[in-house]
Amino acid sequence: MPVPVPRQRAIPAVECGQAPATSPDSGPSKEQAPPGTHPAEHPTGRREDPTEKREKPTDTSPETSTGVGPATDPGTATGTGTGTGTGTGTGTGTDRTHDGRTESAAPTNLTVLLIEDDPAGSPIVPDLLDQSGKPIRIRTARNLTEAGRLLTDDVHCILLDLALSAPAPARTGTDGGGHGNGGAEDDELAVLRHVLELAPRHAVLALTSSSDAERGAEAVAVGAQDYLFRDELDGRLLSRAIRYAVERKRSDSAERRLAEGRLRAQENRRLERGLLPTPLLAGSPLRFAARYRPGRSRALLGGDFYDVVRTPDGTVHAMIGDVCGHGPDEAALGVELRIAWRALTLAGLCGDQLLGTLQQVLEHERSDDEIFATLCAVDISPDGRRAGLCLAGHPSPLLSRPGMPARLLPYDNNGPALGLLPGARWPRMQVELGAEWSLMLYTDGLIEGHVGGGRERLGQDGMVEMVRRQIAEGLTGEDLLRTTVNEVRELNGGELADDLAVVLLDRTA
């Protein structure tokens with residue numbers, strides 16, 4: 001049999017809250033010892049644990065412990081009155097311990113921790129029932145040290161007597177029970193502040209005297225959900241106040257999480273503005289379109305980034321990249337790389353020189369030496385017929401022209417990803433585009449989605465066939481990108497695991 005949890009003192013039934021209080025005219029209990037009787041003379045032959053539960057008349061199954069005391073005694077005893085069987089018997093009906101406490105075996109929905117230091121036993125907590133009529137379980141702590149031990153995850157609300165001596169763990173003159181000798185003089189609500197620090201996620205009800213309403217109001221201002229007058233309580237009022245405090249704490253917590261979510265969303269939008277820039281294409285005949293979708297459901301940002309700018313000589317530079325990993329840290333690094341790329345491009349750097357400088361930026365800004373980034377950069381000549389291509393571990397762009405099937409640009413000279421090899425080189429390849437063309441730059445999120453419910457991935461070949469079919473159907477620009485991304489998600493059977501970014505540049509004759 002489990003060992004009972006020791007109690008510092010016996011708790012009256014009305015404080016325990018595990019059964020209705022006995023009315024004044026109900027007569028003495030059959031199990032209550034006569035006045036002056038020593039505990040050893042108790043009729044049951046043993047001193048019962050005040051936290052032990054009993055069965056209802058209709059329940060003959062073993063009782064489950066509620067975490068306060070022992071669970072089961074073997075055997076049963078018959079009888080319809082109030083009482084217990086002898087020795088090892090389990091009583092039927094309503095049981096009462098030697099000190100007059102009435103107990104119930106009904107399961108509880110709410111657990112309340114009462115913190116008060118009245119050694120005589122507090123009469124302030126009557127019988128409590130939750131909104132479904134089940135008894136509310138009460139745990140009692142005489143000081144904050146005991147409260148810390150009893151404050152488990154199943155406690156919903158804390159009843160704090162503001163008359164409790166304030167803790168002073170760091171001061172001299174503190175007794176072993178955790179009572180300080182100067183905290184209340186410095187701050188009358190020091191004990192409440194300590195409880196709020198001890199239990200930031202729990203509802204707290206402050207108990208004070210009816211002559212000290214101002215102190216109760218101050219307790220609410222400090223952080224308690226409500227305050228009650230201990231000398232005016234009844235079971236119905238206290239039960240309702242506990243439920244109200246618990247729901248108010250839940251509401252406050254939900255509002256706080258909502259506010260934090262809004263703040264994170266604002267921060268994410270700032271990062272996304274860095275990841276998703278406004279292209280600088282003034283004066284260029286090229287058309288621009290882009291799609292961006294972070295991986296993971298409900299995520300707001302990822303590690304993919306892109307940019308397009310036109311330099312004073314008329315050359316259009318486009319870039320798309322992917323920082324390994326997901327989340328705000330990777331997104332922040334992607335923003336830094338994109339801004340560095342734009343600044344270096346406008347300063348006149350291109351090809352291997354630009355990518356080498358970007359690698360230095362990544363090496364200085366990354367939080368871990370294993371973080372790297374892939375990148376694809378193209379520079380389109382002012383006449384729009386030729387382009388230079390540099391690949392740093394990135395998939396090759398897709399080129400489509402009228403009368404010709406879409407194809408991938410050469411990637412034989414693909415260099416390593418940024419951040420992998422110190423002193424690496426990235427050769428620049430010259431590509432003929434023609435008079436009318438469409439160039440798609442993308443991250444691997446577009447090609448690494450699954451096809452159907454199996455393990456097969458779409459891959460570059462599947463992506464090329466998909467785009468060819470969509471172009472044959474007459475899709476271009478934004479419509480082409482939107483249809484491509486949606487079809488990739490449908491083939492994957494839902495949200496993609498990896499971030500996805502696609503950039504499309506078009507030139508018409």
Side-chain angles (χ1 to χ4, degrees), residues 276-292 304 306-321 341-342 345-346 350-351 354 375-391 394-414 427-444 446-447 458-488 500-509:
L276 314 178
T278 301
L280 301 180
L281 285 175
S284 173
L286 301 183
R287 296 184 304 176
F288 168 85
R291 303 289 288 184
Y292 174 82
D304 292 3
Y306 63 84
D307 203 353
V308 179
V309 298
R310 181 176 183 267
T311 51
D313 64 354
T315 302
V316 173
H317 301 261
M319 171 272 295
I320 194 166
W341 178 89
R342 175 175 282 198
T345 299
L346 295 176
C350 185
L354 187 150
L375 189 137
C376 168
V378 296
D379 55 278
I380 303 169
S381 62
D383 63 7
R385 292 178 173 271
R386 296 176 304 279
L389 172 64
C390 288
L391 296 174
H394 201 87
S396 182
L398 179 68
L399 175 66
S400 62
R401 291 185 291 190
M404 299 181 62
R407 63 181 179 88
L408 296 175
L409 292 182
Y411 50 89
D412 297 336
N413 292 328
N414 195 340
R428 178 177 177 271
M429 297 174 287
Q430 190 73 20
V431 180
E432 293 295 328
L433 299 178
E436 187 173 352
W437 48 265
S438 178
L439 188 64
M440 179 186 292
L441 286 65
Y442 53 93
T443 59
D444 57 6
L446 186 68
I447 60 177
L458 177 63
Q460 285 184 294
D461 292 340
M463 183 267 296
V464 172
E465 292 298 326
M466 177 190 303
V467 174
R468 285 177 178 175
R469 171 171 44 81
Q470 292 167 355
I471 292 177
E473 295 173 357
L475 298 177
T476 60
E478 288 282 358
D479 293 336
L480 175 62
L481 294 189
R482 180 174 57 255
T483 302
T484 299
V485 172
N486 289 341
E487 185 169 342
V488 168
L500 180 154
V502 190
V503 171
L504 188 66
L505 291 170
D506 291 319
R507 184 179 188 272
T508 58

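Bear in mind that the values here come from a model prediction, so they are computed numbers and not experimental data.
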Inset, instruction - For side-chain contact (heavy atoms from CB on, under 4.5 Å), just list the numbers for Leu439 and Leu504, CA-CA rounded to whole Å, side-chain angles, deciding distance to a tenth of an Å, and then say yes or no. - result: CA-CA 6 Å; Leu439 188 64; Leu504 188 66; over 6 Å; no
So do [Y] and [X] actually touch side chain to side chain, heavy atoms under 4.5 Å?
{"X": "Thr484", "Y": "Met466", "result": "yes"}
{"X": "Ser400", "Y": "Val467", "result": "no"}
{"X": "Leu398", "Y": "Met463", "result": "yes"}
{"X": "Arg287", "Y": "Thr508", "result": "yes"}
{"X": "Val502", "Y": "Tyr292", "result": "no"}
{"X": "Tyr442", "Y": "Pro395", "result": "yes"}
{"X": "Leu399", "Y": "Met404", "result": "no"}
{"X": "His317", "Y": "Trp341", "result": "yes"}

Between [atom1] on residue [X] and [atom2] on residue [Y], distance to nearest 0.5 Å:
{"X": "Leu480", "Y": "Glu473", "atom1": "CG", "atom2": "CD", "result": "10.0 Å"}
{"X": "Leu481", "Y": "Leu475", "atom1": "CG", "atom2": "CG", "result": "10.0 Å"}
{"X": "His394", "Y": "Leu375", "atom1": "NE2", "atom2": "CG", "result": "7.5 Å"}
{"X": "Ser381", "Y": "Arg386", "atom1": "OG", "atom2": "CZ", "result": "4.5 Å"}
{"X": "Arg482", "Y": "Gln470", "atom1": "CZ", "atom2": "CD", "result": "11.0 Å"}
{"X": "Leu286", "Y": "Ile380", "atom1": "CG", "atom2": "CD1", "result": "5.5 Å"}

If every non-hydrogen atom of [X] is compared with every non-hydrogen atom of [Y], which pair is closest and at what distance?
{"X": "Ser284", "Y": "Arg310", "value": "CB-CD, 3.6 Å"}
{"X": "Asn413", "Y": "Pro427", "value": "O-CG, 3.4 Å"}
{"X": "Leu391", "Y": "Pro410", "value": "CD1-O, 4.2 Å"}
{"X": "Arg428", "Y": "Cys350", "value": "NE-SG, 4.3 Å"}
{"X": "Asp479", "Y": "Thr483", "value": "O-OG1, 2.8 Å"}

State whether the side chain of [X] and the backbone N or O of [Y] hold a donor-acceptor pair below 3.5 Å, judged by distance alone.
{"X": "Arg507", "Y": "Ala435", "value": "yes"}
{"X": "Asp304", "Y": "Leu500", "value": "yes"}
{"X": "Trp437", "Y": "Leu505", "value": "no"}
{"X": "Ser396", "Y": "Tyr411", "value": "no"}

Inset, instruction - Establish, from distance only, whether the side-chain atoms of Asp379 and Thr315 form a donor-acceptor pair under 3.5 Å. - result: no
Inset, instruction - Verify the neighbour count for atom CG of Asp461: are there more than 12 heavy atoms of other residues, nucleotides or ligands below 6.0 Å? - result: no
Inset, instruction - Just do the salt bridge (charged side-chain N to carboxylate O under 4.0 Å, His left out) check on Glu436 and Arg385 with the steps written out, would you? - result: CA-CA 8 Å; Glu436 187 173 352; Arg385 292 178 173 271; over 6 Å; no
Inset, instruction - Would you check, one step at a time, whether the test side-chain contact (heavy atoms from CB on, under 4.5 Å) holds for Arg291 with Val485? - result: CA-CA 8 Å; Arg291 303 289 288 184; Val485 172; 4.2 Å; yes
